[in-house]
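Here is the structure we will look at.
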Amino acid sequence: MNNPQRNTTDHTGAPLQRDRYLSATHEVINQPKALENYNLYEQDTALREAVIREGASHAHHDLSQFGAWAGKAETIELGNLANANKPSFRTHDRYGHRIDEVSFHPAYHELMGVALENGLHSSPWTNPGPGAHVARAAKYYLHSQVEAAHCCPITMTFAAVPSIRNQPELATIWEQKILTNEYDARNVPDSEKRAVTIGMAMTEKQGGSDVRANTTRAYAVGQEGPGQAYELVGHKWFVSAPMCDAFLVLAQTANGLSCFLMPRWRPDGTKNPWQVQQLKNKMGNVANASSEVEIRGALAWMVGEEGRGVPTIIEMVAMTRFDCMIGSAAGMRQAVAQATHHCHNRSAFGATLSDQPLMQNVLADLIIENEAALAYTLRVARAMDNQDNKHERLLARLATPVGKYWICKRTPNHAYEAMECIGGSGVMEDCIMPRLFRESPVNAIWEGSGNVQCLDTLRAIQKEPETLDAFFKEAAEAKGTDRRFDQFLAQLQHDFADISDFQYRARNLVDRMALTMQGSLLLRFGDKDVADAFCASRLQNNGGMNYGNLPSGTNPTAIIKRATPVVG
Ligand SMILES: Cc1cc2nc3c(=O)[nH]c(=O)nc-3n(C[C@H](O)[C@H](O)[C@H](O)COP(=O)(O)OP(=O)(O)OC[C@H]3O[C@@H](n4cnc5c(N)ncnc54)[C@H](O)[C@@H]3O)c2cc1C
């Protein structure tokens with residue numbers, strides 16, 4: 001039978017029509033380009049304004065350079081890699097020696113290096129003064145948008161300094177290495193290092209919020225008391241960043257719960273018997289390791305007064321709570337950047353998404369939440385820069401638990417809603433949104449969960465009523481600028497007059513404290529469209545609970561334009 005061979009090309013070598021048709025099924029259109037190679041600082045109008053307003057204009061150039069680094073495609077990939085490759089843990093080496101070693105992906109180490117070289121753990125202590133905390137907070141805000149999980153040891157190292165200073169002879173030994181702007185990841189004694197990192201270990205199995213239930217005990221090696229050596233026996237249920245060189249640890253002595261500085265190595269170069277049992281299997285905060293530990297006579301030195309462990313470590317905790325605010329506000333900003341970028345470059349039903357009224361309402365609402373969180377956070381940073389001023393000290397005392405509670409708690413739903421703006425692609429693991437979403441509850445839970453922050457707010461008010469006066473004095477600076485704000489403030493002040501059921505009502509009161517302060521800051525210093533939409537949606541009840549509930553008359557177009565990153 002005649003069976004001629006089929007020709008697949010024409011006389012010029014080009015594929016015949018049917019092959020061309022089969023290989024080119026469609027053209028990819030209406031898909032945004034990846035959000036990369038943009039300057040996270042220069043493209044963030046609200047951040048630039050807040051940095052100037054709160055006294056850190058001197059940092060502008062540095063922040064701009066850092067923002068360019070943070071937006072590079074290679075930098076963004078570091079964050080992806082650090083999260084895609086979970087840390088792993090080995091108790092022993094192959095010869096049977098106990099090593100307690102966590103291995104991280106090189107991207108984690110690179111991010112740690114950048115954070116420490118940029119002084120995110122040190123700058124307000126090494127260069128205090130006007131704008132120091134504000135400048136650091138702004139840089140942390142940029143850095144944490146690249147990858148939030150590794151910021152945990154950075155925060156703890158930064159936050160440990162005020163607590164360790166309670167024991168000056170220990171501070172003399174440790175402070176210089178803590179404040180060195182270098183990263184040394186080696187699993188070797190601190191005596192062989194020029195730079196160290198510090199962690200914290202409070203939480204035990206039987207009690208986390210209520211650390212008074214701690215059962216870990218401390219036995220004096222010789223003399224008892226502040227600065228003296230003890231051996232600790234017990235366990236800790238959550239210890240993040242277990243490769244830190246030393247930890248602030250709470251343990252019981254005969255005179256109550258006390259604070260100790262516990263290095264991972266003894267002065268003779270042997271391993272301190274602080275043994276990691278296993279790593280936590282976390283849903284978020286994946287690039288950072290968290291562990292369970294048993295303590296078998298580990299050598300540690302008492303920090304601060306015996307029996308006053310909580311007031312000693314609380315100075316560290318206050319700082320970490322502040323960083324939770326920065327981290328959650330940063331998560332919101334990255335979510336806003338992703339959502340606005342996507343909707344600006346995607347059309348549906350014949351129009352760009354960010355031009356469609358309903359999507360405009362959602363996007364603008366997300367932006368307002370982020371701007372309010374940022375304004376609040378950097379105002380607290382300024383208060384931290386001015387702790388010798390009574391008003392600022394009182395304000396920081398109360399604004400920290402209020403802000404930690406409110407901003408961290410507003411973040412998970414914000415992340416989810418931004419994910420939905422991106423549609424199905426927002427759910428995919430090669431998009432940053434799943435990571436932002438999984439990270440979002442963590443800040444709300446650690447360093448004192450929501451209820452604990454509310455109770456701390458009440459405790460501060462009851463112990464030092466001037467804190468509430470300072471809070472309201474600051475908020476009232478906006479009085480007379482907006483009728484809705486005035487009514488909201490007056491009602492809140494009225495509700496504080498009645499202290500019955502104080503604990504039961506604490507969330508409601510703290511919610512409204514946060515809203516009052518955010519409203520005040522936006523009205524006084526914020527963009528006028530953002531401030532107006534904030535008052536219309538948050539300070540007067542229009543019935544809606546979800547994002548996308550801005551009432552008519554607000555100006556979403558201007559708000560969205562202000563927040564949408566422009567990619568070159
Ligand atoms: C990823 C991760 C890393 C962590 N890393 C560390 C670490 O490095 N070091 C460390 O020490 N800890 C760490 N923790 C522990 C964390 O700080 C605690 O989980 C947290 O403080 C809550 O303690 P808990 O888990 O024992 O919960 P509980 O104390 O049992 O609290 C459970 C709930 O009850 C609420 N509650 C408690 N008391 C009251 C009350 N009186 N009235 C009303 N409600 C109340 C709390 O707000 C919380 O919602 C980490 C936690 C996580 C998730």
Side-chain angles (χ1 to χ4, degrees), residues 83 86-87 102 148-160 163 197-216 232 234-251 257 259-262 264 274 276-293 295 309-310 312-314 316-321 323-324 327-328 401 404-406 408-409 411-412 435 438-459 462 501-510:
N83 273 275
K86 279 189 174 187
V102 181
H150 81 284
C151 293
C152 165
I154 304 299
T155 285
M156 293 193 292
T157 305
F158 159 72
S163 288
T197 51
I198 308 290
M200 74 200 299
M202 301 188 293
T203 309
E204 296 187 4
K205 289 173 187 163
Q206 70 287 349
S209 309
D210 186 4
V211 290
R212 293 167 310 174
N214 275 191
T215 58
T216 297
L232 309 189
H235 81 282
K236 294 292 164 184
W237 181 228
F238 281 91
V239 180
S240 286
M243 295 310 283
C244 284
D245 297 283
F247 300 84
L248 283 178
V249 183
L250 288 180
L257 199 61
C259 181
F260 296 87
L261 182 67
M262 197 229 64
R264 275 201 306 120
W274 155 276
V276 175
Q277 304 301 298
Q278 61 175 347
L279 296 188
K280 295 285 194 189
N281 188 8
K282 297 181 286 183
M283 67 158 265
N285 199 252
V286 171
N288 174 38
S290 300
S291 64
E292 296 165 14
V293 172
I295 315 168
V310 173
T312 304
I313 210 166
I314 208 77
M316 178 175 188
V317 173
M319 292 288 156
T320 60
R321 287 176 179 174
D323 273 16
C324 290
S328 289
K404 198 280 190 182
Y405 162 73
W406 178 252
C408 299
K409 198 159 282 297
T411 307
R435 169 148 52 102
R438 282 198 299 264
E439 192 69 32
S440 63
V442 178
N443 278 333
I445 291 172
W446 66 15
E447 306 306 338
S449 314
N451 287 355
V452 170
Q453 300 306 311
C454 294
L455 295 174
D456 187 44
T457 304
L458 297 190
R459 192 178 310 115
Q462 282 165 333
D501 282 347
F502 220 22
Q503 274 201 23
Y504 192 69
R505 294 187 293 127
R507 280 206 180 203
N508 177 268
L509 292 169
V510 177

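Just so you know, residue 1 is the first one in the sequence shown, and it goes up from there. Note that ligands are numbered from 1 as they come in the structure, with each ligand's atoms numbered from 1 the same way.
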Taking salt bridge (charged side-chain N to carboxylate O under 4.0 Å, His left out) as the definition, give me every residue that meets it alongside Arg507, ordered by chain and number, with sequence neighbours left out. none
Is any side-chain heavy atom of Cys244 closer than 4.5 Å to one of Thr197? yes
So, for Trp274 and Phe247, is the gap between ring centers shorter than 6.0 Å? yes
Could you list each nitrogen or oxygen of ligand 1 that sits under 3.5 Å from a protein nitrogen or oxygen, with the atom names and the distance?
unit_1   : atom_1 : unit_2 : atom_2 : d
ligand 1 : 5 (N)  : Ser240 : OG     : 2.8
ligand 1 : 8 (O)  : Met200 : O      : 3.4
ligand 1 : 8 (O)  : Ser240 : N      : 2.8
ligand 1 : 9 (N)  : Met200 : O      : 3.0
ligand 1 : 9 (N)  : Phe238 : O      : 3.1
ligand 1 : 11 (O) : Met202 : N      : 2.8
ligand 1 : 11 (O) : Thr203 : N      : 3.0
ligand 1 : 11 (O) : Thr203 : OG1    : 3.1
ligand 1 : 12 (N) : Thr203 : OG1    : 2.7
ligand 1 : 23 (O) : Ser209 : N      : 3.4
ligand 1 : 26 (O) : Gly208 : N      : 2.9
ligand 1 : 29 (O) : Ser209 : N      : 2.9
ligand 1 : 29 (O) : Ser209 : OG     : 2.6
ligand 1 : 44 (N) : Asn451 : ND2    : 3.0

Tell me every residue that passes salt bridge (charged side-chain N to carboxylate O under 4.0 Å, His left out) with Lys205, counting only those two or more places apart in sequence or in another chain. none
Minimal non-hydrogen separation, Glu204 against Thr215, with atom names: OE1-N, 2.7 Å
For Arg212, the salt bridge (charged side-chain N to carboxylate O under 4.0 Å, His left out) test, sequence neighbours excluded, returns Asp210
